[in-house]
Structures are given as structure tokens and as C-alpha cells.
Amino acid sequence: MALRFFNTLSREKEEFTPLSQGTVRMYTCGPTVYNYAHIGNYRTYAFEDLLRRYLKFKGFRVVQVMNITDIDDKTIRDSQAEGISLAEFTGRYTEAFFQDLDSLFMERAEHYPRATEHVPEMVAIIEDLMQKGYAYKGEDQCIYYDISKFKDYGNLAHMVVEDLKIGARVAHDEYEKEHAGDFALWKAWDEQDGPVFWETSLGKGRPGWHIECSAMSMKYLGGSFDIHTGGVDNIFPHHQNEIAQSEAHTGCPFVRYWLHAEHLIVDGRKMSKSLGNTYTLREVREQGFSPLALRYLYISSHYRSRVNYTQESMEASEKALVRLRDFLVRLSDISKGGPPSKEIEGLTKARNDSFAEAMDDDLNSPQAVAVLFELVREVNTDIDKELLTREDASRVRDLIFSWDNVLGLQLSRVAPSDEMLPHEIEALMEKRKEARRRRDWNEADAIRDELKKRGVLLEDGPAGTRWKKAEPTLVDNK
RNA sequence: GGCGACGUACCCAAGUGGUAAGGGAGAGGUCUGCAAAACCUUUAUUCAGCGGUUCGAAUCCGCUCGUCGCCUCCA
């Protein structure tokens, strides 16, 4: 089975092979730390997390770089509005960003370079671009990239430069550029920048936005690397500009596979400040949903489709997770001895093939999740028939854990039911057991209701009474 | 104006030529003192509409309707 990705460059699914065998180098556009990131941002980061996890599942070593944009118009503007330094301001949101990554159980990338720490690298590229004639200094002392010099400009976005409706969103006179499509590599200092500037050979000023990604990706990954990702809105102009800068600088192909994630929408509508529906992770929690349910929502639709965040879709996600967790608890309760069965061995192998087949096909995670649920139902049926031995259960559990290394739903951390309960809860359970023995159902049901109020749910089965917490707890046993 | 995407059940969502996955919700049933969990059955003769190609179309082509994205610093 071959791993295939939809490459924005060709608009086709292409078989994936890394430049150097066994290692994948990928650059993932990270946050601009001027605010708390919203659940739409995390949709893209979750896609990138899924990508890196699946590459590792396939046996690749992954070197992932995610930039932290800690200087741009917004960070400067908003830090000044608060009257604090740029570093203090961006530090706050950078920290919050990493906390959110942890809450969503995203793996850490290998590098998180900050733009402010790579200005010399950017300056070097800009100097080279000027020398080669791809860049010019405007009357305003800003340095611009001349897109007319780069013959393939528009190749990623599949746009013809002449067709661009100039000035659709930016005032013509905002910058003194030769062409409206030219973009700033270096912005000359002005009073609004306050203390934020670098004294360089290019003059006093600060870097433009696009150049940081070229400089930092190539520094950590080389002039040509395997994968570059981001949200669809970055295709043009950001990623197009990165190509123009990088390839003009190095003379070799910049990125081999461009992958872009579609946006998340809320209640069927685009997130926007005016609609007041740009939720942060904190707000998701305040609505009573867990970050893991959000993660489930993310992977339950394909990354190139829009995903719709609604009350209903989040409730469905929570319930789906409960079903998976209940299944794992059920597996761990199996004590039947005996040899492992050939049927379970065959089933797990077949399902693992289906899982990989789905993920190989451009990360079809909804299909992969469907395979997971099929397995759950099939094995549940076997458990009902008392066919499953402890060894079979262990095999199934191992398979699900290996999938979950990709999906990241923390199924291996589901609290086992032999966890210690507070004494008074245990006493109540014992009391109920007595009541049931006396067939005093009123008493037994009253105790069950009482425990439910305390967040403990009871399930009576043939092997005795099982309990679980209403709110799942995760244990750190990884 | 240019380029492009999408429209599958009550909701979410796979499926790109071989006869409609999966999750949630609803209904009925098995099990259970009851409940919960689990399992079984059930809910699209049909994939926005209309034509065409084909032995065969949700899948390919054309048109129509509808929703949406990008077109210069938004994930």
C-alpha cells in the first residue's frame, strides 16, 4: 500500500516518497501570537498532528518545524495598546498556545522557531534577493519582492497574475510598490512601530510576514524539503510568496508536497468576530465539552472538508468517545482463560489493513474511525457470546492502542475500573449489594441514584456490579 | 469580473464506474428485578434537479438550481 497525499501544487493525489529515505521533513505554519488561538486554528494544527502521527505510524522519522510569529502588525499594535513590551505580550499567548496543544494532546514538533530570533537569517535572504534582482527598495524605504520576476508566480494558487482583481481588499496607496501584487520583504521603521525595530544592512525596520517562513523552514529543513502545510487561506498569497522567495534564493524546488486543511465553521457559518462565534478552547470547555471531544470532531471529517462545530456535533463526539472508552473497560474486564483464537488474529489483521488503507488514502481519518467502530461492534458481539479470552482481549487492545497513537484520543489512558474509590462510595456500594441480596429494590435504586449524583455510574452485570465515573478521568500511564 | 470547491438519511459523515461505510438521534426486540452497557432488527430502491455516455452512474460528461471559498499579510 502506498501513502498518497493530495498535493495542492498538482491538485491531485500523489504517492508520497520523502527526499531522504526514512525521514520526513515538514514545515507547518504556526500561530501569530496576538490572541488566544481559536478552534479553527486548532483544526489545522490537529490535522498536522494527525499527519505527523501517521507518518510515524508508517515508520518514518519526522522532523517537524512550526513557526511562532511573534512580530507583525497585529502583535505590535495590540502590545502597544496594552502598554507592554512586544516580548511580554507575545509570551503570554505563546504560553497559552502550548497549554492548548497539551489539552488537545498534540505531539510537540521538533522545532518552534520564533520570528524575532531569526531576523539575521531573513536579512541574508533579502540581501541575496536584491542582488539577484528579485527585490527592490521603494520610495518609502521598504523592500518589496517583484513578483513579475518570478515566472511561476501563481503556480500554487493556480492563478494568473494578470487576472488578479487588484485592490480588492487593500488600498492601492497603502504601500509604494511597483505592482499591487508585490509584497513587503522588509518594512522600514515608522513611528507606530515604537521600540520594535532592527538596525540591519537593509536599514532600520522589521521583516515582512512571508519571509520568516522561508528563512526558518530552510534553516531547519534545508532548501528543499518534503511537506509544507497550513490552512487553505494560506495558499494565496502566503505560501505562493514563500515559493517565490525561497526558489529565487536557492534556485531549487522549495517544497515537494503542499497540504492544506479546510476551515472549521460554526453552526454552518464562517467564524467571525462580528458573529461572536470565534470560540477558543477555553470557551469550548465552558460550553461543557472536553478538548478530546473537539479532537474527535476534527478527525471525524476529512481534513480537506469543512468541519461544522455545533452543539449537536459536539454531543455526538462526546458520546462516541464514551462508547470507545466503555469498550476498552469491557476488554480489560475479560478474565476468560484459554488460547488466543485464530478468528481474532485474522480479524485484527484484516482491520489493521483497512485502517492503514484508509489513512494511506490522503489521511482519510473518518474512514479510519469507521474501521475502529466496526471492530468495536464485532468484538462486542464476541464478548456477548463469551468467545473472547484474555489473550484475545489483549490483542484487540494492543491494536486499538496502536491506532490511537495516530488518532490521539487517549484511549490507552482510560481509567481502569479497579481504581480506588473513596471509602464512603465503596461503603454505599457494599450497602447496595446487601440491599440487592435482600431484593430490596427501592433501597438499591435509591443508592444508585445517590451515587449517580456523586458522579459514579453503576452497571449491574452477570459478573457483578461495575462502576465508572460520569466524567472520564485519564491516567498518566503512557 | 477571474479561479475553484461543495450539495449523500432527522443530524454529522465515508464512498469517484459494479449496485449506498461509520457515529449520533429515533423506533422495536434480546438480556436485566429495574436501569445502564452490550447485541440484533429497523430508519436513503437512493445520492440537489434535468439530460447524456455506459451492460451498469452517487461516482464520468453537459446544463440548471443552491451553498461556499480565494483573488495581496485570516488556520
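Computed from a predicted structure; not experimentally measured. Values below: every heavy atom of this structure, side chains too, minus hydrogens, waters and symmetry copies. Residue numbering restarts at 1 for every chain, and letters A, B, ... go by the order of the sequence lines.
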Which salt bridge (charged side-chain N to carboxylate O under 4.0 Å, His left out) pairs, counting each pair once, include a residue from residues 297-318 of chain A, with sequence neighbours left out?
-> Arg304(A)-Asp362(A)

Kindly point out which of A14(B), G22(B), G33(B) is positioned nearest to the side chain of Phe373(A)?
-> G22(B)

Can you say whether the rings of Phe254(A) and Trp258(A) are parallel (under 30°), tilted (30 to 60°) or perpendicular (over 60°)?
-> tilted

NZ/NE/NH1/NH2 to OD/OE distance under 4.0 Å, Asp102(A) and Arg108(A) = yes

Annotated protein contacts, base or backbone, on nucleotides 35-43 of chain B with a non-hydrogen cut-off under 4.0 Å, one of B, S, - each = BBSSSS---

Asp445(A), nearest nucleotide to its side chain (from U72(B), C34(B), A21(B)) | C34(B)

Give every pair of a protein N or O atom and an N or O atom of nucleotides 58-61 of chain B that lie under 3.5 Å apart, one pair per line with the distance.
none

Residues of residues 301-313 of chain A with a heavy atom under 4.0 Å from any atom of RNA chain B, listed by number, are Ser301(A), His302(A), Ser305(A), Arg306(A), Glu312(A)

Would you say Lys137(A) has more than 12 foreign heavy atoms packed within less than 6.0 Å of its NZ?
-> yes

Distance, rounded to the nearest Å, where Phe327(A) contributes CZ and G23(B) contributes P | 13 Å

Heavy atoms, side chains only, cut-off 4.5 Å: are Thr75(A) and Thr32(A) in contact?
-> yes

Parallel, tilted or perpendicular, as decided by the 30° and 60° cut-offs, for the rings of His238(A) and Trp209(A) | parallel

Among G24(B), C73(B), C71(B), the one nearest Trp209(A) by side-chain distance = C73(B)

Tyr27(A) and His228(A) aromatic ring geometry - parallel, tilted or perpendicular at 30°/60° bounds = tilted

Whole angstrom is fine here: how far is it from NZ in Lys74(A) over to P in C74(B)?
-> 4 Å

Rounded distance in Å between the P positions of U42(B) and A57(B) = 26 Å

With rounding to whole Å, what would you report as the distance between G4(B) and A75(B) at their P atoms?
-> 26 Å

Charged N-O contact under 4.0 Å between Lys336(A) and Glu386(A) = no

Roughly how many Å is it from CD in Glu212(A) to P in C73(B), rounded to a whole number?
-> 15 Å

Crowded around Arg454(A) CZ? As in, over 12 foreign heavy atoms under 6.0 Å?
-> yes

U53(B) and U46(B): how far apart are their P atoms, nearest whole angstrom?
-> 22 Å

For Ser103(A) and Asp100(A), test the side chains for any donor-to-acceptor distance below 3.5 angstrom and give the result as yes or no.
-> no

Any Lys/Arg nitrogen of Asp326(A) or Arg466(A) sitting under 4.0 Å from an Asp/Glu carboxylate oxygen of the other?
-> no

First of Asp182(A) and Gly268(A) reached from the 5' end of RNA chain B, by closest nucleotide = Gly268(A)

Give one of base, sugar-phosphate or nothing for Gln367(A), where a contact means two heavy atoms less than 4.0 Å apart.
-> base

Considering only the P atoms, how many Å lie between A13(B) and G23(B), rounded to the nearest integer?
-> 16 Å

The single option from Tyr279(A), Tyr296(A), Tyr42(A) that satisfies ring-ring contact (aromatic ring centres under 6.0 Å, His included) with Tyr309(A) is Tyr279(A)

Could you tell me whether Met271(A) contacts a base, only the sugar-phosphate backbone, or nothing, with contacts defined as non-hydrogen atoms closer than 4.0 Å?
-> base

Taking the P atom of each, how far is C74(B) from A20(B), in whole Å?
-> 47 Å

Taking the six-membered ring for Trp, are Phe47(A) and Tyr303(A) parallel (under 30°), tilted (30 to 60°) or perpendicular (over 60°)?
-> parallel

Output row for RNA chain B, stems defined as at least 3 consecutive Watson-Crick or G-U pairs under 3.5 Å, is B:1-7 with B:65-71, B:10-12 with B:22-24, B:25-30 with B:38-43, B:48-52 with B:60-64

Quantified in whole Å, what is the C1' atom distance between nucleotide A36(B) and nucleotide C47(B)?
-> 37 Å

Is any side-chain N or O of Asn364(A) under 3.5 Å from a base N or O of G15(B), one able to act as donor and the other as acceptor?
-> no

Salt-bridge present (Lys13(A), Asp360(A); N to O < 4.0 Å) | no

Flag the pair Arg351(A) and Glu378(A) as a salt bridge only when some basic side-chain nitrogen lies within less than 4.0 angstrom of an acidic carboxylate oxygen.
-> yes

Basic-acidic side-chain contact under 4.0 Å: Lys431(A), Glu434(A) = no

Mind checking Ala320(A) for me? I need base, sugar-phosphate or nothing, with any heavy atom below 4.0 Å counting as a touch.
-> sugar-phosphate

OP1 or OP2 of C70(B) under 4.0 Å from side-chain N/O of Lys270(A) = yes

Of the listed nucleotides C73(B), G22(B), A13(B), the one nearest the side chain of Pro366(A) | A13(B)

Atom CD of Glu262(A) to atom P of C68(B): distance rounded to whole Å?
-> 14 Å

Using a cut-off of 4.0 Å on non-hydrogen atoms, how would the nucleic acid contact of Gly230(A) be classed: base, sugar-phosphate, or nothing?
-> sugar-phosphate

With a 4.0 Å cut-off, would you call Lys187(A) and Asp72(A) a salt bridge?
-> no

Is Arg439(A) atom CZ crowded by more than 12 heavy atoms from other residues, nucleotides or ligands, each under 6.0 Å away?
-> no

Rounded distance in Å - OH (Tyr27(A)) to C1' (A75(B)) = 14 Å

Counting side-chain heavy atoms from CB outward, which of C71(B), A75(B), G22(B) is closest to Ala370(A)?
-> G22(B)

By nearest-nucleotide position on RNA chain B, the 5'-leaning member of Gly30(A) and Ala157(A) is Ala157(A)

Could you give the CD1-to-P distance, from Ile71(A) to C73(B), as a whole number of Å?
-> 18 Å

Residues from residues 4-12 of chain A sitting under 4.0 Å of RNA chain B, heavy atoms only?
-> Arg11(A)

Gap between atoms CD1 and P, on Ile265(A) and C74(B) respectively (whole Å) | 21 Å

Rounded to whole Å, the CG-P distance (Asn241(A) to C70(B)) equals 17 Å

When the C1' atoms of A21(B) and A14(B) are considered, how many whole Å apart are they?
-> 6 Å

In whole Å, what separates the C1' atom of C6(B) from that of C12(B)?
-> 16 Å

Classify the nucleic acid contact of Leu264(A) as base, sugar-phosphate or nothing, counting any heavy atom under 4.0 Å across all strands shown.
-> base

Hey, what's the ring geometry for Tyr134(A) with Tyr145(A), parallel, tilted or perpendicular (30° and 60° as the breaks)?
-> parallel

Give His158(A) one of three labels, base, sugar-phosphate or nothing, depending on what nucleic acid heavy atoms sit under 4.0 Å from its own.
-> sugar-phosphate

